[in-house]
K.L.:
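Here's a structure for you.
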There are 2 protein chains.
Amino acid sequence: MKLIEARQQFISSWGAFGTHWGINRTMAQIHALLLTSPDPLTQDDIMEELDISRGNTNMNIRELINWGLVERVLIPGERKEFFTAEKDIWKVVKQIVKERKKRELEPMLQLLDKLENVEGDKRDKHVKTFIDTVAGIKKLGRQADKSLDVLIKAEENWFMGTMMKFFK
Amino acid sequence: MKLIEARQQFISSWGAFGTHWGINRTMAQIHALLLTSPDPLTQDDIMEELDISRGNTNMNIRELINWGLVERVLIPGERKEFFTAEKDIWKVVKQIVKERKKRELEPMLQLLDKLENVEGDKRDKHVKTFIDTVAGIKKLGRQADKSLDVLIKAEENWFMGTMMKFFK
DNA sequence: TCGAAACTTCAAAATTTATTGAAAGTTTGG
DNA sequence: CCAAACTTTCAATAAATTTTGAAGTTTCGA
């Protein structure tokens, strides 16, 4: 398979993959493009490669920067801004975990705390089922939260090495 | 907070939560409704509680059954079918991990295997960056795949207990 | 300070995804 | 076997999301 073809397939699959994870297709494709690009690209490069509009490109680059996955690069003597993606996949994973934890897991845990204090008699099976379900999710959620904190701080070699050894 | 209100909030939040994870709102809401329901419900109960159409309800129940999160229950003397959700959250998590691994991670790894065999000279930095990126994702992906296999087979107490102790 | 290049914004349009509801299909009990 | 009760399907519709592109703003060099 030729590079051009392989790269296109990677970009397109990464985009489709992203949509299963609540990330929009274009954002994932821009990320894939930058991940496989040896040098930083300009907004115009990205527009052209992916055949998307200026506005769309701009918005999604900005969003990738918010996620900490892409950064602006200034190239001396160039007026335009260039963009580059973090290539160390372990760092990428940690960054995504960190953001999603903050944006999704933590608010959910806060909500569950509130919901657990529902009024009513636990002898009522409706009340009991509700409280037990919420408590169960909360317990697992808190454990996951702590485990993810460790992952976020860990070095790849240590974390993965230990995981593999540990779980044989 | 009253039960009715708390439950509505739970259902609605679970639905919103689902949309960030590639699960449609209604499917997540039906799941939340069943999770917090002490007894099995019929399709009509679900339609009424969530105020959605018969077709929509039916499709999403079927999808939840495909995911292994909900099952049909036959109640003696009743003509209608009843549905109930697995209440053990650890089992729910394992089931979701198992399905997503199969549906998403495994196909992605297969693709990466193929893409890594791109033609070309590694001294070309475009080729090199592409191969290195793909290889990096693949390596981490394979490790994640194995770790998830362990999780899927594990008991909650063992797994979470070890995680917490281990990572202190 | 000005002008052009670069960047950002956002309302409207296009696309994608979810939902409805009526028709077709099944199952069950008499 | 028939009719009633229930379930499933799917084309049409509605809703949500993404994309566009042109107008507006900022930045930089001369």
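Chain naming here is simple, since letters A, B, ... match the order of the sequence lines and numbering starts at 1 in each. The model shown is predicted, which means the values in this text are computed figures rather than measured ones.
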K.L.:
Whether K139(A) and E156(B) form a salt bridge (side-chain N of Lys/Arg under 4.0 Å from carboxylate O of Asp/Glu) is what I want to check.
P.N.:
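A salt bridge is present here (some side-chain N lies under 4.0 Å from a carboxylate O).
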K.L.:
When the distance from CG of D51(B) to P of dT19(C) is rounded to whole Å, what number comes out?
P.N.:
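Computing the D51(B):CG to dT19(C):P distance gives 12 Å.
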K.L.:
Among dT8(D), dT8(C), dC10(C), find the nucleotide with the atom closest to the side chain of R72(B).
P.N.:
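Nearest nucleotide to the side chain: dT8(D).
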K.L.:
Does R25(A) have any side chain to side chain contact (heavy atoms under 4.5 Å, CB included) partners at least two apart in sequence or in another chain, and if so, which?
P.N.:
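Once residues adjacent in sequence are excluded, the partners of R25(A) under the side chain to side chain contact (heavy atoms under 4.5 Å, CB included) criterion are A16(A), T19(A), Q29(A).
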K.L.:
Over how many whole Å does the gap from R54(A) atom CZ to dT9(C) atom C1' extend?
P.N.:
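Between C1' of dT9(C) and CZ of R54(A): 13 Å.
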K.L.:
In whole angstrom, what separates I52(B)'s CD1 from dT7(D)'s C1'?
P.N.:
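After rounding, the gap between these two atoms is 15 Å.
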K.L.:
For I65(B) and dT7(D), give me the distance from atom CD1 to atom P, rounded to whole Å.
P.N.:
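Computing the I65(B):CD1 to dT7(D):P distance gives 11 Å.
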K.L.:
Of I46(A), L69(A), T84(A), I61(A), which meets side chain to side chain contact (heavy atoms under 4.5 Å, CB included) against L34(A)?
P.N.:
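Output: one option passes, namely I46(A).
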K.L.:
Here's a test of your reading of the structure: between M59(B) and D44(B), which maps to the more 5' nucleotide of DNA chain D?
P.N.:
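Between the two, 5'-proximity favours D44(B).
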K.L.:
Between M47(A) (CE) and dT19(D) (C1'), how many Å, whole number?
P.N.:
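So the two atoms are 12 Å apart, to the nearest Å.
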K.L.:
Would K87(B) and D132(A) pass as an ion pair if we require N to O under 4.0 Å?
P.N.:
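Not counted as a salt bridge, because no side-chain N and carboxylate O are separated by less than 4.0 Å.
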K.L.:
So what does R62(B) hit on the nucleic acid, given a heavy-atom distance under 4.0 Å: a base, only sugar-phosphate, or nothing?
P.N.:
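Answer is sugar-phosphate: R62(B) comes under 4.0 Å of backbone atoms only.
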K.L.:
Nearest of dT19(C), dT19(D), dT7(D) to any side-chain atom of S53(A)?
P.N.:
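Of the options given, the side chain of S53(A) lies nearest dT19(D).
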K.L.:
Parallel, tilted or perpendicular: which fits the ring planes of F17(A) and W14(A), with parallel below 30° and perpendicular above 60°?
P.N.:
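Ring orientation of F17(A) relative to W14(A): parallel.
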K.L.:
Could you measure the distance from the CG atom of L140(A) to the NZ atom of K138(A)? Nearest 0.5 Å is fine.
P.N.:
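Here the interatomic distance stands at 13.0 Å.
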K.L.:
What I want to find out is whether K128(B) reaches D121(B) closely enough, with some N-O distance under 4.0 Å, to be called a salt bridge.
P.N.:
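Salt bridge: no.
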K.L.:
Contacts to DNA chain D from residues 14-42 of chain A, heavy-atom cutoff under 4.0 Å, which residues?
P.N.:
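Contacts with DNA chain D under 4.0 Å: N24(A), T26(A).
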K.L.:
If only side-chain N and O atoms of N58(B) are considered, is one of them under 4.0 Å from the OP1 or OP2 phosphate oxygen of dT7(D)?
P.N.:
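For dT7(D), neither OP1 nor OP2 has a side-chain N or O of N58(B) closer than 4.0 Å.
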K.L.:
At under 4.0 Å between heavy atoms, what does Q43(B) touch on the DNA or RNA strands: base, sugar-phosphate, or nothing?
P.N.:
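Result for Q43(B) = base.
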K.L.:
Between atom CD1 in I46(A) and atom P in dA6(C), what is the gap in whole Å?
P.N.:
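Checked: the CD1 to P distance equals 15 Å.
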K.L.:
To the nearest angstrom, how far is L74(A) atom CG from dT27(D) atom C1'?
P.N.:
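For the pair L74(A) CG and dT27(D) C1', the rounded distance is 12 Å.
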K.L.:
Give a yes/no answer on whether the side chain of N56(B) brings an N or O atom under 4.0 Å of OP1 or OP2 in dT20(C).
P.N.:
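For dT20(C), OP1/OP2 do have a side-chain N/O of N56(B) under 4.0 Å.
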K.L.:
Look for any protein N or O under 3.5 Å of an N or O in nucleotides 27-30 of chain C and output each such pair with its distance, or none.
P.N.:
from    : atom 1 : to     : atom 2 : distance (Å)
dT28(C) : O4'    : R79(B) : NH2    : 3.4

K.L.:
When the distance from CD of E78(A) to C1' of dA6(C) is rounded to whole Å, what number comes out?
P.N.:
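Between C1' of dA6(C) and CD of E78(A): 12 Å.
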K.L.:
Using 4.0 Å as the upper bound for N to carboxylate O, is an ion pair formed by E99(A) and K102(A)?
P.N.:
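Here K102(A) pairs with E99(A) in a salt bridge, since their nearest N and O are under 4.0 Å apart.
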K.L.:
Would R103(B) and W67(B) count as a cation-pi pair here, with the cationic atom under 6.0 angstrom from the ring centre and within 45° of the axis?
P.N.:
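Yes, R103(B) sits over the ring of W67(B).
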K.L.:
Give, for atom CZ of F82(A) and atom CG of D45(A), the distance between the pair rounded to the nearest 0.5 Å.
P.N.:
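F82(A) CZ to D45(A) CG: 7.0 Å, rounded to 0.5 Å.
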